[in-house]
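Contents: one structure, followed by commentary.
In the text below, chain A, chain B and the rest are named by the order of the sequence lines, each starting its count at 1.
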There are 2 protein chains.
Amino acid sequence: MENEMKIFKDFLVSKSLKLTRPRKIILREVFQNHDHFTVDELFEQIREKHSNVSRATIYRTMPLLIDAGLLKQSLRCEAKDRYEHIYGHEKHLHFICDRCGKIIEIELKQLENILNDMAKEYDFKIREYNLGARGLCKECQKKTE
Amino acid sequence: MENEMKIFKDFLVSKSLKLTRPRKIILREVFQNHDHFTVDELFEQIREKHSNVSRATIYRTMPLLIDAGLLKQSLRCEAKDRYEHIYGHEKHLHFICDRCGKIIEIELKQLENILNDMAKEYDFKIREYNLGARGLCKECQKKTE
DNA sequence: TTAAATTTTGAGACTCATTTGCATAAAACT
DNA sequence: AGTTTTATGCAAATGAGTCTCAAAATTTAA
Ligand SMILES: [Mn+2]
Ligand SMILES: [Mn+2]
Ligand SMILES: [Zn+2]
Ligand SMILES: [Zn+2]
């Protein structure tokens with residue numbers, strides 16, 4: 001819990017930026033949230049706890065958390081970007097159900113290995129990657145139509 | 001060339017839709033373009049040939065081409081969706097350079113197999129998937145900073 | 001063929017997630 | 001304290017994508 005804060009602090013210091021109150025609140029809430037959240041959902045989550053942080057500040061903080069290696073913009077659903085924290089969270093891929101919107105997370109060590117091999121072959125330095133598949137989950141396949 | 005047209009026509013007929021002039025033009029230009037294009041780029045490409053097709057019609061036609069299995073929404077760059085035609089184009093993943101924007105296409109039979117295994121395991125029916133990695137291409141790694 | 005019914009289109013208005021400008025507030029220096 | 005620098009909140013701006021609607025094209029009915 002304090003680990004993330006330290007990483008963020010160090011990152012900010014390295015960029016001559018400061019760990020302000022809003023930034024602290026945002027970091028805390030990002031790590032309290034174990035979903036794939038939108039900025040708006042995060043905004044509501046923070047507001048419910050009476051902390052006052054503006055949407056603009058949240059939008060401005062997302063790239064900082066991403067650069068610090070703590071956050072990932074993991075998918076896009078219904079015209080909205082969704083994020084998830086990644087510190088201490090194994091890399092995974094997403095199966096997204098077109099019918100009910102459920103997101104299934106799946107480990108992918110194998111995939112990662114193959115990806116790394118390909119990157120080596122093409123001399124491409126991967127910073128981050130995303131793999132998502134859309135379709136129908138088990139339950140939704142059963143439903144008629 | 002006429003093959004795509006037939007597929008599109010058949011698809012439209014199956015949905016009681018018609019192969020109109022604008023839809024023909026859009027299909028032709030989509031298959032003339034071998035890039036990963038935005039709707040706006042396609043719009044310009046069509047307009048340069050004096051054909052008059054509105055942006056709205058292009059937006060409306062994209063999902064038709066996708067449902068017909070001819071087009072894929074393959075990546076998102078700088079807040080814009082990018083498409084590419086897929087009929088007669090092997091599935092592939094994208095390495096996207098953060099510095100110069102270059103897109104490298106890579107075969108992925110192996111990846112596909114693994115993905116299918118995972119889908120089977122979770123009983124998830126994949127409709128379409130996307131794999132993209134971001135980072136630095138060979139050339140950009142050499143550049144200083 | 002002509003008229004009515006249906007489908008598609010183009011143009012522009014609209015939406016809504018994200019970005020930006022700016023006046024104020026907080027923090028760091030002197 | 002006063003001065004400079006940085007970050008914040010608010011509200012306005014932006015812009016990709018969607019939607020409305022009257023006009024055109026096409027189909028069907030007569
Ligand atoms: Mn996830
Ligand atoms: Mn491609
Ligand atoms: Zn489902
Ligand atoms: Zn490059």
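If you take NZ of Lys15(A) and C1' of dA7(D), they are 17 Å apart, rounded to a whole angstrom. Taking atom CD on Glu41(B) and atom P on dG17(D), their separation rounds to 11 Å, with Å as the unit. Per the geometry, NZ belonging to Lys9(A) stands 13 Å off P belonging to dA27(C), to the nearest Å. Look at NZ on Lys18(B): it is 5 Å from P on dT8(C), rounded to the nearest Å. If you measure from atom CZ of Arg23(A) to atom C1' of dT6(D), you get 8 Å, rounded to the nearest angstrom. Rounded to a whole Å, the CG atom of Leu19(B) is 11 Å from the P atom of dT26(D). Atom CZ in Arg47(A) sits roughly 10 Å away from atom P in dC10(D) (whole-Å rounding). One interatomic measurement links the two molecules: CD1 of Ile25(B) to C1' of dT8(C), which rounds to 14 Å at whole-angstrom precision.
Counting heavy atoms from C-beta on, the side chains of Ile26(B) and Leu65(B) come closer than 4.5 Å.
When atom types are taken as modelled, the side chain of Glu4(A) and the backbone of Val30(A) share no donor-acceptor pair closer than 3.5 angstrom.
Checking the phosphate oxygens (OP1, OP2) of dT9(C), a side-chain nitrogen or oxygen of Thr20(B) falls inside 4.0 Å. For dA7(D), the OP1/OP2 oxygens have no side-chain nitrogen or oxygen of Arg21(A) closer than 4.0 Å. Of the side-chain N and O atoms in Thr38(A), none sit less than 4.0 angstrom from OP1 or OP2 of dA17(C).
For the segment residues 55-83 of chain B, the set of residues with a heavy atom within less than 4.0 Å of an atom of DNA chain D comprises Ala56(B), Tyr59(B), Arg60(B), Arg76(B), Ala79(B), Lys80(B), Asp81(B), in numerical order.
If you check every strand for non-hydrogen atoms under 4.0 Å, Val39(B) touches nothing.
Once rounded to the nearest 0.5 Å, the distance linking CE of Met62(B) with CG of Leu71(B) reads 5.5 Å. Distance check: Phe37(B) CZ to Phe43(B) CZ gives 14.5 Å after rounding to the nearest 0.5 Å.
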Passes salt bridge (charged side-chain N to carboxylate O under 4.0 Å, His left out), Asp35(A) versus Arg82(A)? Steps please. CA-CA 9 Å; Asp35(A) 275 339; Arg82(A) 288 188 170 271; over 6 Å; no
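Nearer to the 5' terminus of DNA chain D, by closest-nucleotide assignment, is the contact made by Asn52(A) (compared with the other of Asp40(B) and Asn52(A)).
Residue Arg127(B) qualifies as enclosed at atom CZ: its count of foreign heavy atoms under 6.0 Å is above 12.
Relative ring orientation between Phe124(A) and Phe95(B) is described as parallel, the plane-to-plane angle staying below 30° on a 0-90° scale split at 30° and 60°.
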